[in-house]
Amino acid sequence: MTNETATSPSRELYVENEPASLAGAARHALERSGGWTGIVVAAAPTVAFVIANALGGLTWAFIALAVSAPVAFGVRLARRESPRAALIGLVIAAVCALVAALTGEARGFFLVPTLLPAGWTLLFAGSALIGRPLTGIVLNRLAGGPRDWRQHAPLRRVYATTTWVAAGICFVNFVLRVVLYVTEQLAALAVVEVAVIPVPFALAAFTVAAARRAARRSAAVTPAE
């Protein structure tokens, strides 16, 4: 499974001091996702499950997952990717397989990944509504912003905006997955799983770059004490 990318990317993300741009964010997102090879490896268990289910049914899907998930775990470790991320991927695959076994339906494999974006939507939106946008809490230190960033209007706007963007992305992700889940479009669900891998890293990279620019503007208009 690929939903381990939903965990905080800030601990593994490095963004140079460059202007905020979609191109720059996309480049860093691909790098932090392990490149195209890393994306393929992370998505392999999900793809194997869906293909095996289509060809031979649920039993063969479980067999394919039991083979591909440990192999993907080993490959990620061999590539010196984060052991924590690799382990989370393995655990999520096991949980999803358990849900599929309990429901007796192949689509049950996607139930947890379908529901997770709803929780993230509430978390991002709630943090923005109470004036503590989550992207600021998680990424401000990485961006080199001041500890009192909520008192700096440019920084506050960046973090509020990107937090609402994150909430919107998660909501669209949730709605799309629900529609595909209800209609049992397993191949499309697998495509969504793969497609969202770089998204958290892209948003984090863009946020950090934009926050650094905002911090420089804020420092330029605030006389040093």
*R177 side chain reached by E193 side chain, heavy atoms, under 4.5 Å*: yes

*Answer whether the closest heavy-atom distance between the side chains of F49 and L58 falls below 4.5 Å.*
yes

*asked:* In the structure I gave you, are the side-chain heavy atoms of P83 and L87 within less than 4.5 Å of one another anywhere?
replied: no

_Close side-chain approach of R132 and R150, heavy atoms under 4.5 Å_ = yes

*Can you see which heavy atom on V158 is nearest to which on A211, and at what distance?*
CG1-N, 3.9 Å

*asked:* Side-chain heavy atoms nearer than 4.5 Å, only ILVMFWY residues, links allowed to pass through others: does that put L180 and V99 together?
replied: yes

*Is there side-chain contact between T114 and V178, with heavy atoms separated by less than 4.5 Å?*
yes

*asked:* If I compare all heavy atoms of V194 with all of A43, which pair ends up nearest, and what's the gap?
replied: CG2-CB, 3.3 Å

*State, yes or no, whether a side-chain contact exists between V95 and I92 at a heavy-atom distance under 4.5 Å.*
no

*Can you tell if the side chain of L176 reaches within under 4.5 Å of the side chain of V192, non-hydrogen atoms only?*
yes

*Please collect all ring pair (Phe, Tyr, Trp, His ring centres under 6.0 Å) contacts where either partner lies in residues 121-147, sequence neighbours excluded, each pair once.*
W120-F124

*Under the criterion side-chain contact (heavy atoms from CB on, under 4.5 Å), which of N140, T163, V138, L139 is the partner of P133?*
T163

*Write down the atom of G145, the atom of L155, and the distance for their closest heavy-atom approach.*
CA-CD1, 4.4 Å

_Contacts of type ring pair (Phe, Tyr, Trp, His ring centres under 6.0 Å), residue W164, not counting sequence neighbours_ = none

*Worked check of side-chain hydrogen bond (donor to acceptor under 3.5 Å, both in side chains) between T207 and T135*: CA-CA 8 Å; T207 300; T135 57; 5.1 Å; no

*asked:* For residues 50-68, which residue pairs pass the side-chain hydrogen bond (donor to acceptor under 3.5 Å, both in side chains) check, not counting sequence neighbours?
replied: none

_Are Y181 and F110 an aromatic pair, judged by ring center distance below 6.0 Å?_
no

*How close do P45 and A69 get, heavy atom to heavy atom, and via which atoms?*
CG-CA, 3.8 Å

*Kindly say whether T103 contributes a backbone atom to a donor-acceptor pair with the side chain of E105 at under 3.5 angstrom?*
no

*Parallel, tilted or perpendicular: which describes the rings of W149 and Y159, with under 30° parallel and over 60° perpendicular?*
perpendicular

